[in-house]
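For reference, the structure discussed in these notes is given below.
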Amino acid sequence: LKDDAKQPILIEADDVEVRESDSTSVYVGNVQVDQGSMQLLADHVTVYHREDRQPKFIIALGKPARYKQRLDGDQGEVHAFAKRIEYNADKDELVLIGDGVLIQGEDRLTSERIIYDRARAQFRAGGSGRVKITITPEEQ
Amino acid sequence: MSAYFGYFDRPFWSGRQLMLAILFAIIGAIAWWQLKTPDEDAGAHRTRPRLPDYVVDRFSAVETNDSGRPIRHLKAIELRHYATENVSELDQPRLELYQIKGPSWHAKADRGTIYADGDQIRLEGNVELNRAGDDENRPAHFETERLDIWRKQGLAETDLEVRVNSDGDVLTANGMRLWYNEPTRTTFHGRARIRLAPESDPEQDPSP
């Protein structure tokens with residue numbers, strides 16, 4: 001949702017390390033990140049912070065790492081799964097790397113590498129291996 | 001009976017022997033008394049109050065490193081030193097941990113104990129650790145019930161609940177290790193929970 005970015009970011013983890021030297025924080029063990037309707041679940045998350053401590057770049061690792069977020073209007077939710085999920089705040093872009101799966105509404109995409117533009121709810125897929133898209137036609 | 005009586009008729013002990021016998025009897029009695037009374041002394045020792053060998057009122061001490069640069073300043077309403085235990089107890093301790101550049105850390109608590117000639121300072125009761133912000137780092141405010149400051153490692157650690165507030169961002173955890181010398185590094189343990197406030201946050205906690 002558009003308003004998600006205005007919500008506080010809530011992070012939980014078994015262990016956390018905060019390093020001022022490179023403005024990073026590392027979260028290990030049952031990591032859960034929530035911001036409004038967005039939720040990220042992973043085993044290990046590294047956050048690179050801006051000066052105002054807002055996240056600039058996030059790397060989530062899991063078996064798989066899981067991401068979900070509600071879309072504006074009545075488009076339902078987007079779900080993403082991958083061994084590695086990267087989030088670039090400046091581009092507002094999610095990159096799924098390794099067994100990537102993206103599910104939006106009834107449509108499903110699998111590929112080794114998927115780039116998802118959150119602002120426009122659009123995706124690009126590629127990288128090694130085959131891309132498989134399943135688009136479910138709307139009922140007449 | 002008569003044998004028995006005869007037994008006493010002969011001058012059995014000469015004067016000198018009698019004196020020796022009496023002397024040994026007295027020594028024996030003293031020894032027996034000594035053996036018995038220590039129990040009472042030990043009893044007295046156990047109940048003897050734990051007294052400091054010296055007390056300092058309004059204690060203040062600045063510690064420097066090998067090159068003479070101040071590294072920390074410890075103050076307390078009162079310091080009590082216990083020689084037998086080699087510890088010093090502090091009332092209302094205030095500890096400033098200087099940084100090479102950047103603002104100092106300021107710790108305070110209800111009570112404190114200095115161990116191992118200062119290698120470890122334990123702060124207890126309403127412990128707070130604060131650092132002002134500067135152009136490189138945000139202000140930080142820690143709260144816990146116990147904090148151990150280790151001089152050599154430049155480490156402040158607790159295994160109790162800790163709460164951190166920094167510019168409206170809040171973290172709670174059940175253990176912390178803070179390497180406080182620049183650039184700081186902190187690890188939190190035991191289900192840590194963080195709230196990063198959005199840029200414009202109505203709920204922003206007022207600065208400490």
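Because only heavy atoms are used, hydrogens play no part in the values below, and waters and symmetry mates are left out as well, while side chains stay in. The chains referred to below are lettered A, B, ... by the order of the sequence lines, with proteins before strands, and numbering in each begins at 1. Please read all numbers here as calculations on a predicted model, not as lab measurements.
- In terms of heavy-atom pairs under 4.5 angstrom with chain B, the leader among A/Glu51, A/Glu17, A/Glu12 is A/Glu12.
- Among all heavy-atom pairs drawn from A/Ser21 and B/Pro183, the shortest one is CB-CG, 3.4 Å.
- Defined by atom type and a distance below 3.5 Å, a donor-acceptor pair is present between the side-chain atoms of B/Thr184 and A/Glu20.
- Residues B/Leu196 and A/Ile11 form a side-chain contact, since some pair of their non-hydrogen atoms from C-beta on lies under 4.5 Å apart.
- Neither the backbone nor the side chain of B/Thr172 comes within contact range of chain A, judged by heavy atoms closer than 4.5 Å.
- Annotation: side chain to side chain donor-acceptor pair (under 3.5 Å) contacts of A/Ser23 (sequence neighbours excluded): none.
- Annotation for B/Glu161: atom CD does not count as buried by contact number, only 12 or fewer foreign heavy atoms lying within 6.0 Å.
- Across all non-hydrogen atoms, the minimal contact from B/Ala192 to A/Val16 is CB-CG2, 3.4 Å.
- With a 6.0 Å radius and a threshold of 12 heavy atoms from other residues, nucleotides or ligands, B/Glu182 has its CD atom above the threshold.
- Environment of CD1 in B/Ile100: sparse, with no more than 12 heavy atoms of neighbouring residues, nucleotides or ligands closer than 6.0 Å.
- Note that the CG atom of B/Asp169 and the CD atom of A/Gln54 stand 7.0 Å from one another [nearest 0.5 Å].
- Of the inter-residue distances, the one linking A/Arg19 atom CZ with B/Arg185 atom CZ reads 7.5 Å to the nearest 0.5 angstrom.
- A 6.0 Å sphere centred on OH of A/Tyr48 holds no more than 12 heavy atoms belonging to other residues, nucleotides or ligands.
- For A/Gln7 (side chain) and B/Ala197 (main-chain N/O), no donor-acceptor pair under 3.5 Å exists by modelled atom type.
- Around CZ of B/Arg191, the count of heavy atoms belonging to other residues, nucleotides or ligands within 6.0 Å exceeds 12.
- Inter-residue side-chain proximity for A/Leu10 and B/Ile194 is flagged as unmet; no heavy-atom pair is nearer than 4.5 Å.
- Of residues 25-35 of chain A, those residues lying under 4.5 Å from chain B by any heavy-atom pair are A/Tyr27, A/Gly29, A/Asn30.
- Heavy-atom neighbours of A/Phe81 CZ from other residues, nucleotides or ligands within 6.0 Å: above the threshold of 12.
- Residues of residues 62-74 of chain B never come closer than 4.5 Å to chain A when only heavy atoms are counted.
- Close approach to chain B, defined as a heavy atom under 4.5 Å from one of its heavy atoms, is seen in no residue of residues 84-104 of chain A.
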